[in-house]
Amino acid sequence: MESVFGLVGKDFAIVAADTSAVHSILVHKTNEDKIMVLDSHKLMGASGETGDRVQFTEYIQKNVALYQFRNGIPLTTAAAANFTRGELATALRKNPYMVNIILGGYDKDVGPSLYFLDYIASLHKVDKAAFGYGSYFALAMMDRHYRQDMTVEEAIELVDKCILEIRTRLVVAPPNFVIKIVDKDGARIHAWRESIKDSHVPAA
Amino acid sequence: MEAGNRASTTVKTRYDRAITVFSPDGHLFQVEYALEAVRKGNAVVGVRGVDTIVLAIEKKSTPKLQDSRSERKIVNLDDHIALASAGLKADARVLINRARIECQSHKLTIEDPVTVEYITRYIAGLQQKYTQSGGVRPFGLSTLIIGFDPHTATPSLYQTDPSGTFSAWKANATGRNSNSIREFLEKNYKETSGQETVKLAIRALLEVVESGGKNIEVAVMTKETGLRQLEEAEIDAVVAEIEAEKAAAEAAKKAPSTKET
């Protein structure tokens, strides 16, 4: 079961997600990147129906790019979150997207922000959020240890605590995670946390 | 925002009959009149170098109260493609918008950015459609499209016109006095790179435009840096170089005492 979670720090936002791609009892791959880089300063971590997840996040990414070309300036994180929620809401009563999203971004005037969007088109601006079975453990850890204005090191420590808890306590725990960060310098991969490495087997 | 989600509605009314129809001697007068509109538009020059492509466009004098920055004449269609046009600017806005949507739509479905030829073909196709549809007139503009195809370092320059034809060029001009500019380019074109390409484009435009950074808008595209609009000061510097070279050539003509090979 997929886990995505995120939190806001002093002048950055972090989104972390597991990297397993699972179909029933089969693990297709353990390095599936579920956190899409929407544009230079936005991250969209998504969990849910695999087809919907890829289709929907790519659709949002291309529309965010189109906005930038049309208007000469990028969308703010709040605007991107509201646009995404609008698309979820429009599709909801016809052909819903089964995707849960954690959108993290950095704007020059506002600083870092994190948005929680679920598959029935809720939208909340939050300091910390989590989806999936892992959320039971991640939210508990974050409720206990999260403070305002954490540094990157403190935030990563907390993320690692959450990952450890998920690995320990979830019966079908995903083995690998990816952690991405967005700050004034942009959105990028911060680290991988791998407990299983897909070994490269040479052809016979 | 509508990439990947286009609905079209047609309403049959009395105004649906074609406006662009053949004349007895095989002309499409509406298209030819559209080309007239292009001929009245500001001059645009495009030059393709080995690793650089340049678009230069005439800036008609802006009214004192107008904020000149709000009117960008050379626009991005995507990170690797740019366009300049001569003719009806409002028509250009519509075409540019459709092309921008198509660039993103292509990336969404094909997972690859468009090639320059693809988007040129798309724009030209759109212009042609409006010469063969009921109740609409052709787009009154010609475009110069520059860009680098994804995964290659080959630069391209294409032109489209109101009839919907398109072709690739090493260098071309459209708009006001484009014939004189094209003559100049035919005489003086050679394979250039980097700053030399910029100079050639500006030299060509200066054949018909009053010299000075505030009368010309120039944009340069390279594979690595994408599209870069030149500052007025930069353009002035190149113009000064060109004038100096011209003056030196004039002086050399007047005093042919030393034989130069």
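- Proximity to chain A (any heavy atom under 4.5 Å) is restricted, for B/Leu77, to the backbone atoms N, CA, C and O.
- More than 12 non-hydrogen atoms from other residues, nucleotides or ligands lie less than 6.0 angstrom from NZ of B/Lys89.
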Can you give the donor-acceptor pairs under 3.5 Å from side chains of residues 1-12 of chain A to other protein atoms, not counting sequence neighbours?
from: A/Glu2; atom 1: OE1; to: A/Gly48; atom 2: N; distance (Å): 2.7
from: A/Glu2; atom 1: OE2; to: A/Lys34; atom 2: NZ; distance (Å): 3.3

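- To the nearest 0.5 angstrom, B/Asn97 atom CG is 7.0 Å from A/Leu66 atom CG.
- For the pair B/Lys107/A/Glu58, no side-chain contact is recorded, criterion being any heavy-atom separation below 4.5 Å from C-beta on.
- Residue-environment remark: NZ (A/Lys184) stays at or below the threshold of 12 foreign heavy atoms within 6.0 Å.
- Proximity of B/Ile101 to A/Arg70: side-chain heavy atoms (C-beta onward) are separated by under 4.5 Å at one or more points.
- For residues 37-46 of chain A, the set of pairs meeting the salt bridge (Lys or Arg N to Asp or Glu O under 4.0 Å) definition, not counting sequence neighbours, comprises A/Asp39-A/Lys42.
- Contact count against chain A (heavy-atom pairs under 4.5 Å) is highest for B/Asp78 among B/Asp78, B/Asn76, B/Val75.
- Atom OH of A/Tyr119 has 12 or fewer heavy atoms from other residues, nucleotides or ligands within 6.0 Å.
- Listed here is the closest heavy atom pair of A/Phe69 and B/Gln104: CE1-NE2, 3.5 Å.
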